[in-house]
Amino acid sequence: MSVAEQVSPLELADYQRAVRLLLAHPLITEVHPNRAALPLVRRWAAQLRTDLHELLGYRLVTTANTARLLRVQDDLDLTRPAVTRTDRPFDRRRYAYLVLTLAALGRSGTQIALSELAEAVAADATRIDGLGLDTERKPDRDAFVDAVTWLTERGALALADGSAADWASSPDRAEALYDIDREVVFAIYRPNRVLQHLGSVTGLLETDRGLVQGVHRIREAAARRARRLVLERPVVYYADVSESLRGQLRHPGLAEDLERLTGQAVERRAEGLALIDASGRLSDVRFPSGGTPSQAALLLSTRIAAQVAKGKLPTMPAPTAAERTEASAARIDAGLPLRGVVAELTVEEPGTEPETAESALYPFLTDAWLKGAMKELMSIYGSAFAIAWRGDPDRLLREALRLLSALGLVARVEGGVLALPLLARYRATTAEIKPPPAKRPVKETS
C-alpha cells in the first residue's frame, strides 16, 4: 500500500505536518490548537481522509469550522486525561460536568450566561446519584469552570463579556457571557455507540463484531491495528500482543507506511518497536522535558537502569494489554450510572482475540528500593527541584512512576515496578545542577 501517492516530494513535509496535527489534536477548530491548523488540514483534507482510513481505519469529518478525526479505540488508555489550565487531570466530577455542559449547550441558542449554564447543568446533575452541582460550594464551581474552560479553549464557547474566574470566586457579584459555536459543540462528542445501550466502557472499544470475514480482510484489519498500536503507544513490545499482530509489527511495510505518513522514524529492537517523534509535535507528553516530575523521572530511570545492569534481581511477567484493559474498565465502570442504561437494549460485546504472551520476564524493583532511590536523588538534586516538591518525596515518586509507566519504561505491579526494555535507552544519562546565574553588581549613583 502506498501512502500519499498524490503528494509530491516538495509538498510531503507540509502534508506530514497536517497528519501530525490531526493525530495530536483529533479536534481542530478555528482557534484550537492554533489559527493556522485548520487551514492546513482543510488543504489536505481529501488526501488525509483517504490515507487515514486505509492505513488506520480512522474517519476524518470536516465542516466549515472544524476537522474531527474519529479514531478507533483498541484498548483503554488512562495516560492522556483531559487537564485543567494548570495541567491537573480531570477527576470524575469534572468529566461529568463536561458531558452535562455539552448536553446543555446542545439545547441552547447562540449565547448563554455562565450562571444560566450552571443552573442547566445542576438540574441534570441532581438526577445522577452522588453527583449534583451546588453553586453555593466553591469546589463545585471550580470543577464546573474547569469544564467550561476546556470547552472555551477548543472554540465551543467564546467569552463575550465578564470573567469565569470572577464568577467562580463570587457568583453573586460577577457573571460571564459566552457565544456558543454549535458546530464545534456537536463535533466534540462523537461516541461510536449509543451509551444507553452499553453495560461497560469496553463496548466503545474496537472489536471485529463478527463483521470481518475472509483471510484478506482479517489480515487488513490486523495490519491497521498494528499501525494504530505503534502510533498510539509510546512503545509496542512483542510480548504484549497476539501472535498475528507480532507478524504485522515485524513486517517491513509497517515502518515504511508510518514513516511516509508521519515523517517520523520507526525504531526497531529485539523486544519491540517505537515511533520516534523527532519533531516534538506528535507526542502529547515529551520526555525528557522541563518540570520537576519529568526531571525526577529521568533521574530515577537512570538509577533503575543501573540497578538492572548489576543483575541478580527477581523477575516476573508484566501485565498483558488485556489485563490492563480489564483493570481500567473495572475502575471506569465503577462510576457508570446504571440508572441511565436501557437494560433491554444492552448489547453483549463479543470476546476479543486472546492476548497470548511470550512469557517475557522483567526485573522487579520493590517500593522500598524506589523510595530509597528517590531519597538519594532528593539529597543530591533537591536544590534544583521546585520548592513545592522538596517536602513531599513520596508524592514526587508517585508522579515520576506514573510518567515512566505511561511512557512504557516501567510497569506498575503489586509491591513495586518492572523495568521494561525501553528503559535501557536512558542508562547512560548524566545530570548536573546548573549554578544560579551570577547577580550583576548594583552600581551606586551619587
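Numbers here are sequence positions counted from 1.
- Using a 4.5 Å heavy-atom cutoff, the side chains of Leu70 and Tyr58 are not in contact.
- Qualifying salt bridge (charged side-chain N to carboxylate O under 4.0 Å, His left out) partners for Asp91, counting only residues two or more places apart in sequence or in other chains: Arg94.
- Pairing each heavy atom of Asp367 with each of Arg412, the nearest pair is OD1-NH2, 4.2 Å.
- Tyr95 places no side-chain N or O within donor-acceptor distance of the main-chain N or O of Pro81, the cut-off being under 3.5 Å.
- Asp75 and Arg324 are not joined by a salt bridge, as no carboxylate oxygen comes within less than 4.0 angstrom of a charged side-chain nitrogen.
- For Asp124 and Arg107, the salt-bridge test passes: some basic side-chain N is under 4.0 Å from an acidic carboxylate O.
- Arg228 has its side chain within reach of Val72: a pair of non-hydrogen atoms, C-beta onward, lies under 4.5 Å apart.
- Without hydrogens or angle criteria, Arg268 side chain to Leu273 main chain gives no donor-acceptor distance under 3.5 Å.
- Side-chain contact check for Ser405 versus Val410: some heavy-atom pair is nearer than 4.5 Å.
- The nearest pair of heavy atoms linking Ala297 to Leu403 is CB-CD2, 3.9 Å.
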> Should Thr366 and Leu370 be marked as a side chain to side chain contact (heavy atoms under 4.5 Å, CB included) after you check the CA-CA gap, both sets of side-chain angles, and the distance that decides it?
Replying inline: CA-CA 6 Å; Thr366 66; Leu370 293 166; over 6 Å; no

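- Nearest heavy-atom pair, Pro33 versus Ile28, reported as atom, atom and distance to 0.1 Å: CD-CG1, 4.1 Å.
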For residues 387-394, which side-chain donor-acceptor pairs fall under 3.5 Å, sequence neighbours excluded?
{"residue": "Arg390", "atom": "NE", "partner": "Gly382", "partner atom": "O", "Å": "3.3"}
{"residue": "Arg390", "atom": "NE", "partner": "Phe385", "partner atom": "O", "Å": "2.8"}
{"residue": "Arg390", "atom": "NH2", "partner": "Ser383", "partner atom": "O", "Å": "3.1"}
{"residue": "Arg390", "atom": "NH2", "partner": "Phe385", "partner atom": "O", "Å": "3.0"}
{"residue": "Asp392", "atom": "OD1", "partner": "Arg395", "partner atom": "N", "Å": "3.2"}

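- Between the side chain of Thr302 and the main chain of Leu299, a donor-acceptor pair closer than 3.5 Å is present.
- Not one N or O on the side chain of Glu399 forms a donor-acceptor pair closer than 3.5 Å with the backbone of Leu396.
- The line from CZ of Arg20 to CG of Leu231 is 12.0 Å long, rounded to the nearest 0.5 Å.
- The closest donor-acceptor contact from the side chain of Tyr237 to the backbone of Gly408 lies under 3.5 Å.
- Rounded to the nearest 0.5 angstrom, Leu422 CG and Leu409 CG are separated by 5.0 Å.
- At least one donor-acceptor pair closer than 3.5 Å links the side chain of Gln16 to the backbone N or O of Arg260.
- Contact between Ser169 and Arg141 at its shortest, heavy atoms only, is O-NH2, 3.9 Å.
- Residue Gln264 holds its CD atom at 10.5 Å from CG of Leu23, rounded to the nearest 0.5 Å.
- A side-chain donor-acceptor contact under 3.5 Å links Ser294 and Ser289.
- Taking the side chain as every heavy atom from C-beta outward, Leu401 and Leu300 approach each other to under 4.5 Å.
- Under the 4.0 Å criterion applied to side-chain N and carboxylate O atoms, Asp240 and Arg233 are assigned as salt-bridge partners.
- By the salt bridge (charged side-chain N to carboxylate O under 4.0 Å, His left out) test, Asp134 pairs with no residue at all, sequence neighbours left out.
- One side chain, Ser200 or Asp333, offers a donor N or O that lies under 3.5 Å from an acceptor on the other.
- The two residues Gly132 and Tyr97 make their nearest non-hydrogen contact at O-OH, 2.6 Å.
- Evaluation of the salt bridge (charged side-chain N to carboxylate O under 4.0 Å, His left out) rule for Arg85 yields Glu153 as partners, not counting sequence neighbours.
- Looking at Thr66, its side chain never comes within 3.5 Å of a backbone N or O of Ala187 through a donor-acceptor pair.
- Between Gly57 and Arg224 the shortest heavy-atom distance is N-CD, 3.6 Å.
- Note that the CG atom of Leu105 and the CD1 atom of Ile180 stand 5.0 Å from one another [nearest 0.5 Å].
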> Do Arg331 and Glu326 pass the salt bridge (Lys or Arg N to Asp or Glu O under 4.0 Å) test, and can you show the C-alpha distance, the side-chain angles, and the key distance before you say yes or no?
Replying inline: CA-CA 9 Å; Arg331 290 175 55 190; Glu326 183 179 354; over 6 Å; no

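- In this structure, the side chains of Tyr178 and Val148 come closer than 4.5 Å at one or more pairs of heavy atoms.
- Residues Leu114 and Leu177 are not in side-chain contact: their nearest non-hydrogen atoms beyond the backbone lie 4.5 Å or more apart.
- Residues passing the ring-ring contact (aromatic ring centres under 6.0 Å, His included) test with Phe287 are Tyr426, sequence neighbours excluded.
- Side-chain contact between Phe90 and Val83 is absent, with no heavy-atom pair separated by less than 4.5 Å.
- Using modelled atom types, one side-chain atom of Thr84 and one backbone atom of Arg88 make a donor-acceptor pair closer than 3.5 Å.
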>> For Val235 and Leu420: C-alpha separation, side-chain torsions, deciding distance, then whether side chain to side chain contact (heavy atoms under 4.5 Å, CB included) applies.
In response: CA-CA 10 Å; Val235 58; Leu420 301 182; over 6 Å; no

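- Using a 4.5 Å cut-off on side-chain heavy atoms (C-beta onward), Leu254 and Val230 make contact.
- More than 12 non-hydrogen atoms from other residues, nucleotides or ligands lie less than 6.0 angstrom from CZ of Arg71.
- A donor-acceptor contact shorter than 3.5 Å links the side chain of Ser379 to the backbone of Glu376.
- Counting only residues at least two apart or in different chains, salt bridge (Lys or Arg N to Asp or Glu O under 4.0 Å) contacts with residues 165-187 are absent.
- Separation of atoms CG (Asp277) and OG1 (Thr262) is listed at 8.5 Å; rounding is to 0.5 Å.
- Salt bridge absent: Arg225 and Glu232 never bring a charged side-chain N and a carboxylate O closer than 4.0 Å.
- Looking at His25, its side chain never comes within 3.5 Å of a backbone N or O of Leu27 through a donor-acceptor pair.
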> When you look at Met316 and Val413, which way does the side chain to side chain contact (heavy atoms under 4.5 Å, CB included) test go after all the steps?
Replying inline: CA-CA 10 Å; Met316 63 177 66; Val413 293; 4.3 Å; yes

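- To the nearest 0.5 Å, atoms CD (Glu256) and NE2 (His251) are separated by 8.5 Å.
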>> Could you walk me through whether Glu30 and Leu38 satisfy the side chain to side chain contact (heavy atoms under 4.5 Å, CB included) test, starting with their C-alpha distance in whole Å, then the side-chain angles of each, then the deciding distance to 0.1 Å, before giving a yes or no?
In response: CA-CA 6 Å; Glu30 291 180 317; Leu38 187 60; 3.9 Å; yes

